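See structure below.
Every value quoted in this text rests on a predicted model; they were computed, and no experiment measured them.
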Amino acid sequence: ITGAWEASITDPEWTTTPCPEGWRLPTREEYVELDGLGGDLAGNKGGKWVAASEKGNEKPGRYYGPNFATCKLDSAMVGCVFFPASGARNYTNGGIIVQGSVGHGWSSMQSAPANGYALLLNVTTTYAAIGLTKAYGLTIRCVQ
């Protein structure tokens, strides 16, 4: 994504949004709530990690939501959301890194002028509100 969203990397308020009108990025608190709706990690949180093609998902990733255990793409997604292990952009050379093993989702809130809060997930761990540099160019998920 280029233009205003790209320029927001140095926006101290991070007020620019890449989402279409009527849509927005989730808040940090919404990711924390989503992460706490059940899972297979210690403390009964963190959703369920699945390998590629395990439950209708083309890529590996994590199902979140109250029905995470029975989620399946295209046929059983009530009470579920799937985050693929989409990787990130290497901020030094622009290449894609950790694709297939780590996924992310930006929140609408920043943790410092050059950092934002994000959901981070992999096969063993999930962090609902980790501060990462905006230059990573993480994925977005717009919500209403």
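No cation-pi contact links R62 to F82, judged by a cut-off of 6.0 Å to the six-membered ring centre and 45° from its axis. Note that R28 lies in the cation-pi zone of Y117, set by a 6.0 Å cut-off to the ring centre and a 45° limit from the axis.
No donor-acceptor pair under 3.5 Å is formed between the side chain of E33 and the backbone N or O of E30. With T133 contributing its side chain and Y136 its backbone, the two residues share no donor-acceptor pair below 3.5 Å. H104 places no side-chain N or O within donor-acceptor distance of the main-chain N or O of L121, the cut-off being under 3.5 Å. Put simply, the side chain of R89 gets close to the backbone of A135: a donor and an acceptor are under 3.5 Å apart.
No path of Ile, Leu, Val, Met, Phe, Trp and Tyr side chains, each step under 4.5 Å between heavy atoms, connects V32 with V81, placing them in separate hydrophobic clusters. Under the 4.5 Å side-chain heavy-atom criterion for Ile, Leu, Val, Met, Phe, Trp and Tyr, M109 and V143 are members of distinct hydrophobic clusters. Hydrophobic clustering, with ILVMFWY side chains joined whenever heavy atoms are under 4.5 angstrom apart, groups V102 together with Y127. The cluster map of Ile, Leu, Val, Met, Phe, Trp and Tyr, joined by side-chain heavy atoms under 4.5 Å apart, puts I96 and L138 in different clusters.
To the nearest 0.5 Å, atoms CG (L73) and OG (S53) are separated by 10.5 Å. One distance of note links CZ of F83 with OH of Y31; it measures 4.5 Å at 0.5 Å rounding. Rounded to the nearest 0.5 angstrom, I140 CD1 and W23 CH2 are separated by 11.5 Å. Taking CZ of R24 as the start and OG of S108 as the end, the distance is 7.0 Å to the nearest 0.5 Å.
Residues K59 and Q99 fail the side-chain proximity criterion, which asks for heavy atoms closer than 4.5 Å. Looking at heavy atoms from C-beta onward, S86 lies in side-chain contact with T139 at the 4.5 angstrom threshold. Looking at L132 and N115, their side chains never come closer than 4.5 Å, going by heavy atoms from C-beta outward. No side-chain heavy atom of R141 sits under 4.5 Å from any side-chain heavy atom of L119. Proximity of P60 to S101: side-chain heavy atoms (C-beta onward) are nowhere separated by under 4.5 Å. Contact of the K72 side chain with the N57 side chain is not registered, since no non-hydrogen atoms from C-beta on lie closer than 4.5 Å.
Pairing each heavy atom of C80 with each of N67, the nearest pair is SG-O, 3.4 Å. Taking all atoms of both residues into account, the shortest heavy-atom contact from P18 to L25 is CD-CD1, 4.2 Å. Taking each heavy atom of A52 and E58 in turn, the nearest pair found is CB-O, 3.3 Å. Y64 approaches T126 most closely through the heavy-atom pair OH-OG1, 2.6 Å. In this structure, T92 and N90 approach most closely via the heavy-atom pair OG1-OD1, 2.5 Å. The two residues K55 and T70 have their closest heavy-atom pair at NZ-C, 4.0 Å.
Remark: aromatic rings of Y63 and F68 are distant, center separation not under 6.0 Å.
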